[in-house]
Trainee: 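One structure, pasted below without further comment.
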Amino acid sequence: MRLIFDLDGTLVDSLPDIHAAASATLVEMGRDPLDLATIRSFIGHGVEPLVIDIMNASGAQGDRAVWVEVFSRHYGHDNSTLTRPFDGVVEALAALAPLGRMGLCTNKPHGLALGVLQALDLGPFEVVIGGDSLPQKKPDPAPLLAAAQALGEGPVLYIGDSEVDAATAHAAGIDFALFTGGYRKTDAAELPHRFLFDNWSELPARVQSML
């Protein structure tokens, strides 16, 4: 079994650190910070789309590349102080490790994703595909397919929390497990999925039943 996970909103609640970096960026660029719920709604597509959404929501003008650099500096300096694994994630990963090979597919840049995994001691992941690992980002299926190929042969299950993850798995033709406790905005029933789960303690048994 090949098990591939999303990161933000799936394994970890990274919203507080992302919000802190967004607030620091806005203050540095002379704008007022945005609230937590607004930043939450922007997560999932990677750094540049996040920054563009922040600029649009704050009415900011200017060079997007400069804004991306400022946000990346703030977030890169401190991306795991407030970030925590969701309840049960550590135990679930330990229970899942003997059931198959595990990988990560996220739109977070590769280096930042590795930093979060290391800071929170999450894994083991044999492959990590970040938002800058390929020319394409999710919901293009290429990153997920690359992660699956790197893990070898066998059935694949992608575990994520969002519309982007559901669309990615659907485009790749890969079974999808939807964690309902993440950053999703759409009703869970409207997203394509093999199964839903709201508690990480449920996942090992669900995967075991697929073997």
Side-chain angles (χ1 to χ4, degrees), residues 2-22 24-25 39-40 42-54 64-86 89-90 93 96-97 100-152 156-169 171-172 174 176 179 182-183:
R2 292 172 288 173
L3 301 169
I4 305 172
F5 301 83
D6 173 52
L7 183 58
D8 300 285
T10 300
L11 294 176
V12 301
D13 181 10
S14 52
L15 174 59
D17 277 319
I18 293 173
H19 179 255
T25 299
I39 298 301
R40 181 184 187 276
F42 299 157
I43 295 174
H45 295 272
V47 169
E48 186 169 350
L50 170 71
V51 171
I52 291 171
D53 285 339
I54 290 169
R64 290 176 178 176
V66 173
W67 278 75
V68 168
E69 187 279 326
V70 172
F71 174 83
S72 297
R73 169 164 45 82
H74 284 295
Y75 188 61
H77 176 69
D78 188 1
N79 59 29
S80 53
T81 296
L82 303 174
T83 296
R84 295 291 181 271
F86 285 105
V89 162
V90 172
L93 291 177
L96 289 166
R101 306 179 68 181
M102 302 200 302
L104 192 85
C105 181
T106 174
N107 275 340
K108 186 188 290 294
H110 182 263
L112 293 178
L114 288 179
V116 170
L117 294 176
Q118 291 166 1
L120 301 181
D121 195 23
L122 293 179
F125 299 107
E126 296 184 40
V127 59
V128 175
I129 301 293
D132 53 357
S133 297
L134 298 175
Q136 305 89 345
K137 292 181 175 65
K138 300 182 302 181
D140 190 292
L144 180 54
L145 291 171
Q149 183 178 20
L151 291 174
V156 186
L157 180 68
Y158 184 46
I159 301 98
D161 73 295
S162 71
E163 295 85 350
V164 170
D165 296 322
T168 304
I174 286 175
F176 179 59
F179 172 57
Y183 304 151

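The first residue in the sequence is number 1, and the count goes up from there.
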Trainee: Does the side chain of I18 come within less than 4.5 Å of D8's, by heavy atoms?
Mentor: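 When only atoms from C-beta onward are counted, I18 and D8 do touch, with a gap below 4.5 Å.
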Trainee: So, for L144 and A172, which heavy atoms are closest and what is the spacing to 0.1 Å?
Mentor: CD2-CB, 4.0 Å
Trainee: At their closest point, which heavy atom of V47 faces which heavy atom of S72, and how far apart are they?
Mentor: CG1-OG, 3.9 Å
Trainee: Hey, mind stepping through L50 and V68 against side-chain contact (heavy atoms from CB on, under 4.5 Å) and telling me if it holds?
Mentor: CA-CA 9 Å; L50 170 71; V68 168; over 6 Å; no
Trainee: For the side chain of S133 and the backbone of G130, is there at least one donor-acceptor N/O pair under 3.5 Å apart?
Mentor: yes
Trainee: Using only atom types and a distance under 3.5 Å, with no angle test, would you say the side chain of R2 pairs donor to acceptor with the backbone of G152?
Mentor: yes
Trainee: Supply the atom-to-atom distance L117 CG to T106 OG1, rounded to the nearest 0.5 angstrom.
Mentor: 9.0 Å
Trainee: Are more than 12 heavy atoms, taken from residues, nucleotides or ligands other than E69, located less than 6.0 Å from that residue's CD atom?
Mentor: yes
Trainee: Do side-chain atoms of K138 reach the backbone of G131 as a donor and acceptor pair under 3.5 angstrom?
Mentor: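 Absent.
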Trainee: Once you round to the nearest 0.5 Å, how far does CD1 of I159 lie from CZ of F176?
Mentor: 9.0 Å
Trainee: Among residues at least two apart in sequence or on other chains, which ones pass salt bridge (Lys or Arg N to Asp or Glu O under 4.0 Å) with R101?
Mentor: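 If we apply the salt bridge (Lys or Arg N to Asp or Glu O under 4.0 Å) test to R101, skipping adjacent residues, the hits are E126.
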Trainee: Can you give me the closest heavy-atom contact between P139 and T168, atom names plus distance?
Mentor: CA-OG1, 3.0 Å
Trainee: Determine whether V51 and R64 satisfy the following criterion, side-chain contact (heavy atoms from CB on, under 4.5 Å), listing intermediate values before the conclusion.
Mentor: CA-CA 8 Å; V51 171; R64 290 176 178 176; 6.0 Å; no
Trainee: Could you measure the distance from the CD1 atom of I174 to the SG atom of C105? Nearest 0.5 Å is fine.
Mentor: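 Between I174 CD1 and C105 SG, I get 9.0 Å after rounding to 0.5 Å.
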Trainee: S162 side chain to D165 main-chain N or O, any donor-acceptor pair under 3.5 Å?
Mentor: yes
Trainee: Side chain of Y183, backbone of L15: donor and acceptor closer than 3.5 Å?
Mentor: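 Between the backbone of L15 and the side chain of Y183 there is a qualifying donor-acceptor contact (under 3.5 Å).
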Trainee: For the residue pair V116 and N79, establish whether any side-chain heavy-atom pair is separated by less than 4.5 Å.
Mentor: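 V116 vs N79: side chains touch.
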Trainee: Any idea which heavy atoms bring V128 and A113 closest together, and the distance?
Mentor: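 In this case the closest contact between V128 and A113 is CG1-CB, 4.4 Å.
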Trainee: Checking D53 now: which residues fulfil side chain to side chain contact (heavy atoms under 4.5 Å, CB included) with it, not counting sequence neighbours?
Mentor: F42
Trainee: Check step by step if side-chain contact (heavy atoms from CB on, under 4.5 Å) holds for F71 and E48.
Mentor: CA-CA 9 Å; F71 174 83; E48 186 169 350; over 6 Å; no
Trainee: First locate atom CG of L145, then atom CD of Q149, and finally report the distance between them rounded to the nearest 0.5 Å.
Mentor: 8.5 Å
Trainee: Using a 3.5 Å distance criterion without hydrogens, assess whether the side chain of N107 forms a donor-acceptor pair with backbone atoms of G44.
Mentor: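 It does hold such a pair.
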Trainee: What is the distance from atom NE2 of H110 to atom CD1 of I129, rounded to the nearest 0.5 Å?
Mentor: 7.0 Å
Trainee: For the aromatic rings, using the six-membered ring if either is Trp, is the centroid distance between F86 and F179 under 6.0 Å?
Mentor: yes
Trainee: Pick out which of L104, V90, D161, L120 makes a side-chain contact (heavy atoms from CB on, under 4.5 Å) with L11.
Mentor: L104
Trainee: Please state whether the rings of F125 and F5 are parallel, tilted or perpendicular, taking 30° and 60° as the class boundaries.
Mentor: perpendicular
Trainee: Mind checking what makes side chain to side chain donor-acceptor pair (under 3.5 Å) contact with D78, not counting sequence neighbours?
Mentor: T81
Trainee: Between S14 and D17, do the side chains contain an N or O donor and an N or O acceptor separated by less than 3.5 Å?
Mentor: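 The criterion, which ignores hydrogens and geometry beyond distance, is not satisfied for D17 and S14.
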Trainee: Less than 4.0 angstrom from a charged side-chain N to a carboxylate O is my criterion; do D132 and K137 meet it?
Mentor: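 The answer is no: the pair does not qualify as a salt bridge.
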Trainee: Within a radius of less than 6.0 Å around CZ of R73, do more than 12 heavy atoms belonging to other residues, nucleotides or ligands occur?
Mentor: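 Enclosed.
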Trainee: Mind checking whether I39 and I54 have side chains closer than 4.5 Å, heavy atoms only?
Mentor: yes
Trainee: Is there a side-chain contact between P16 and T83 (heavy atoms, below 4.5 Å)?
Mentor: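 The answer is no; the side chains never approach within 4.5 Å.
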Trainee: Measure the spacing between CD1 of I4 and CE of M102 and express it to the nearest 0.5 Å.
Mentor: 11.5 Å
